[in-house]
Student: 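First, the structure itself, so that you have it in front of you.
Scope of the values below: all heavy atoms of this structure, side chains included, with no hydrogens, waters or symmetry mates. Lettering of chains follows the sequences in order, A, B, ..., and the numbering in each one begins at 1.
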Amino acid sequence: MAVVSIFVGNLPWATTDEDLHELFSQFGEVKRSKIVLDRETNRSRGFGFVDMEEADAARAIEAWNGQPYNGRVLTVNLAQSRPARA
DNA sequence: GTTGAGCGTT
């Protein structure tokens, strides 16, 4: 079983990591959910990341990418930065 | 008490 990181963008600024966790838990076990906060202000940057099994991640991406959430159309995709720890 | 493309601090 391989865990992959999912990039989630265009989130409402009120979205929290637990919100992300709930959203993606619908399609599988969420290993980690994280909203990226501005390091200077600690406020949401409007995007985040979720780690889960790649099969579940694929379903969650298909389910949420381009779908509206809280009035915003989400951008959901496989993460690019932060290489996996070896 | 604000903003709106983009890939995170461990």
Student: Find the distance A/Arg45:CZ to B/dA5:P and express it as a whole number of Å.
Tutor: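 So the two atoms are 15 Å apart, to the nearest Å.
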Student: Would you check if A/Trp13 stacks with the base of B/dT3, given a 5.5 Å centroid limit and a 30° plane limit, both strict?
Tutor: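 Stacking is present between B/dT3 and A/Trp13, given that their ring centres fall under 5.5 Å apart and the planes under 30°.
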Student: Taking atom types as modelled and ignoring hydrogens, do the side chains of A/Asp51 and A/Ser5 form a donor-acceptor contact shorter than 3.5 angstrom?
Tutor: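 The criterion, which ignores hydrogens and geometry beyond distance, is satisfied for A/Ser5 and A/Asp51.
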Student: Rounding to an integer number of Å, can you tell me how far A/Ile35 CD1 sits from B/dT3 P?
Tutor: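 These atoms are roughly 19 Å apart.
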Student: Which whole-number value in Å describes the distance from A/Arg43 CZ to B/dA5 C1'?
Tutor: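 Rounded to the whole Å, the gap is 19 Å.
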Student: To the nearest Å, how far apart are A/Gln80 CD and B/dC7 P?
Tutor: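 The distance from CD of A/Gln80 to P of B/dC7 comes to 7 Å, rounded to the nearest Å.
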Student: Counting side-chain heavy atoms from C-beta on, which of B/dC7, B/dG6, B/dG8 comes nearest to A/Asn10?
Tutor: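 The answer is B/dG6.
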Student: Expressed in angstrom and rounded to an integer, what is the separation of A/Asn42 atom CG from B/dT2 atom P?
Tutor: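 Roughly 16 Å, once rounded to whole Å.
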Student: Return whichever of A/Val8 or A/Ser44 has its heavy-atom-nearest nucleotide of DNA chain B closer to the 5' end.
Tutor: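 In this pair, the answer is A/Ser44.
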Student: Between C1' on B/dG6 and CZ on A/Arg39, what's the gap in Å once rounded to a whole number?
Tutor: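 Between C1' of B/dG6 and CZ of A/Arg39: 19 Å.
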Student: Roughly, in whole Å, what's the span from CZ in A/Arg72 to C1' in B/dT3?
Tutor: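 Computing the A/Arg72:CZ to B/dT3:C1' distance gives 11 Å.
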Student: Can you measure A/Asp38 atom CG to B/dT3 atom P for me and round it to whole angstrom units?
Tutor: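 A/Asp38 atom CG is separated from B/dT3 atom P by 15 Å.
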Student: When all nucleic acid strands are considered with a 4.0 Å heavy-atom cut-off, which category describes A/Leu11: base, sugar-phosphate, or nothing?
Tutor: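 Since a base atom lies under 4.0 Å of A/Leu11, the category is base.
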Student: Answer yes or no: is there a donor N or O on one side and an acceptor on the other, between the side chain of A/Trp64 and the main chain of A/Leu23, under 3.5 Å?
Tutor: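 It does hold such a pair.
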Student: Stacking between A/Phe49 and the base of B/dG8 (centre distance under 5.5 Å, interplanar angle under 30°)?
Tutor: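 Stack criterion met.
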Student: Do any N or O atoms from the side chain of A/Glu54 and from the backbone of A/Val4 form a donor-acceptor pair under 3.5 angstrom?
Tutor: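 Checking the backbone N and O of A/Val4 against the side chain of A/Glu54, no donor-acceptor pair under 3.5 Å is found.
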Student: State the CD-CG distance between A/Glu22 and A/Asp17, to the nearest 0.5 angstrom.
Tutor: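 It comes to 10.5 Å.
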